[in-house]
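First comes the structure, then the notes that go with it.
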Amino acid sequence: MRTPFAILTLALVIALVLGGLWIGQNVNLLPVDASANAPVYDELFRVLFSIGAILFLGIVGLVVFSLIKFRRRPGQLEDGLAIEGNLPLEIFWTAVPAVVVLFVGLYSFDIYDRMGGMVPLAHDAHDHQMMDMKEQIWGGIGSVADASSADNSLAALAVEVTAMQYAFLFHYPQGDIISGELHVPLGQPVTLRMESKDVIHAFWVPEFRIKQDIIPGQPTLLNFTATKPGRYPIICAELCGPYHGNMHTKVIVEAPGDYDTWFNNNSKTTVSEA
């Protein structure tokens with residue numbers, strides 16, 4: 001009698017795993033991917049979503065099965081069986097989550113590294129300015145955007161970001177432009193040097209799959225390369241005060257020609273051609 005039960009259990013486990021993997025690979029809950037980092041991040045999301053789907057379906061299925069199988073029958077008044085301890089089961093439900101958590105941790109670190117999180121911040125396009133100012137960069141995403149751009153010969157666009165309650169300000173040193181919206185050219189690496197004037201804020205663009213804290217007194221960097229034109233929300237993802245929900249603006253990704261037109265129309269300085 002136990003052989004058919006074991007075969008049925010194995011079949012259900014295989015079906016559960018395959019179903020969870022299918023859901024993770026085919027059900028997309030993310031917004032459009034619009035940066036070079038987005039496909040890398042989406043790999044991690046699909047893995048985590050597959051694991052979550054397997055756990056959710058398995059736990060819900062087990063709960064429903066238990067509700068039906070072990071329900072109190074009519075006229076059944078005695079207490080249930082007093083079952084204490086099951087060493088193989090305890091080893092199983094301790095070892096499997098430990099392996100899953102270890103795998104997720106190592107894979108997450110690999111994704112963070114591939115996105116540039118472990119790249120030394122001292123070889124950014126903005127570094128000569130940092131060194132001149134003798135500032136210590138606290139953290140951020142390194143220069144992976146340079147390697148991911150369609151044309152590696154493009155120099156990174158340097159933008160200084162100032163966060164304050166409750167707005168973002170963007171300063172373009174090259175043209176001395178100050179804007180309430182972030183304009184960037186399509187396919188060109190962008191380096192953001194970010195600082196806060198008051199409390200901790202966070203720069204988050206869901207479509208770019210990037211988020212970086214902005215900390216008072218500790219400048220942070222964030223690099224990205226936009227891959228799809230459009231207008232995407234920039235959201236403060238750190239509770240920064242009573243009007244935190246209103247702290248948002250947009251990043252406008254334009255074709256290089258359209259960006260040049262915007263830049264020339266707003267530039268306060270004459271920029272010589274390289």
Tell me whether the count of non-hydrogen atoms from other residues, nucleotides or ligands lying under 6.0 Å of CD in E78 goes above 12. yes

Applying side-chain contact (heavy atoms from CB on, under 4.5 Å), can you list everything that pairs with R73, at least two apart in sequence or on another chain? R71, Q76

Considering non-hydrogen atoms only, spot the tightest contact between G20 and I54 and give its length. CA-CG1, 3.6 Å

At their closest point, which heavy atom of D213 faces which heavy atom of T220, and how far apart are they? O-OG1, 3.0 Å

Taking the side chain as every heavy atom from C-beta outward, state whether F109 and V104 have any atom pair closer than 4.5 Å. no

Contacts satisfying ring pair (Phe, Tyr, Trp, His ring centres under 6.0 Å) that involve residues 31-51 (not counting sequence neighbours) are F45-F49

Which residues pass the side-chain hydrogen bond (donor to acceptor under 3.5 Å, both in side chains) test with D198, not counting sequence neighbours? H201

So do Y107 and L44 actually touch side chain to side chain, heavy atoms under 4.5 Å? yes

Using the ring of each side chain (for Trp, its six-membered ring), is F170 parallel, tilted or perpendicular to F168, with breaks at 30° and 60°? parallel

Do the ring planes of F65 and F70 sit parallel (below 30°), tilted (30 to 60°) or perpendicular (above 60°)? perpendicular

So, using side-chain contact (heavy atoms from CB on, under 4.5 Å) as the criterion, who are the partners of P216 when residues are at least two apart? S196, I200

State, without any angle test, whether D176 and H171 hold a side-chain donor-acceptor pair at a distance under 3.5 Å. yes

Apart from V63 itself, its cluster of hydrophobic side chains linked below 4.5 Å comprises I59, L67

Which side-chain N or O atoms in residues 239-250 pair as donor and acceptor under 3.5 Å with protein atoms at least two apart or in another chain?
unit_1	atom_1	unit_2	atom_2	d
H244	ND1	E238	O	2.9
H244	NE2	C236	O	3.4
T249	OG1	G180	O	2.7

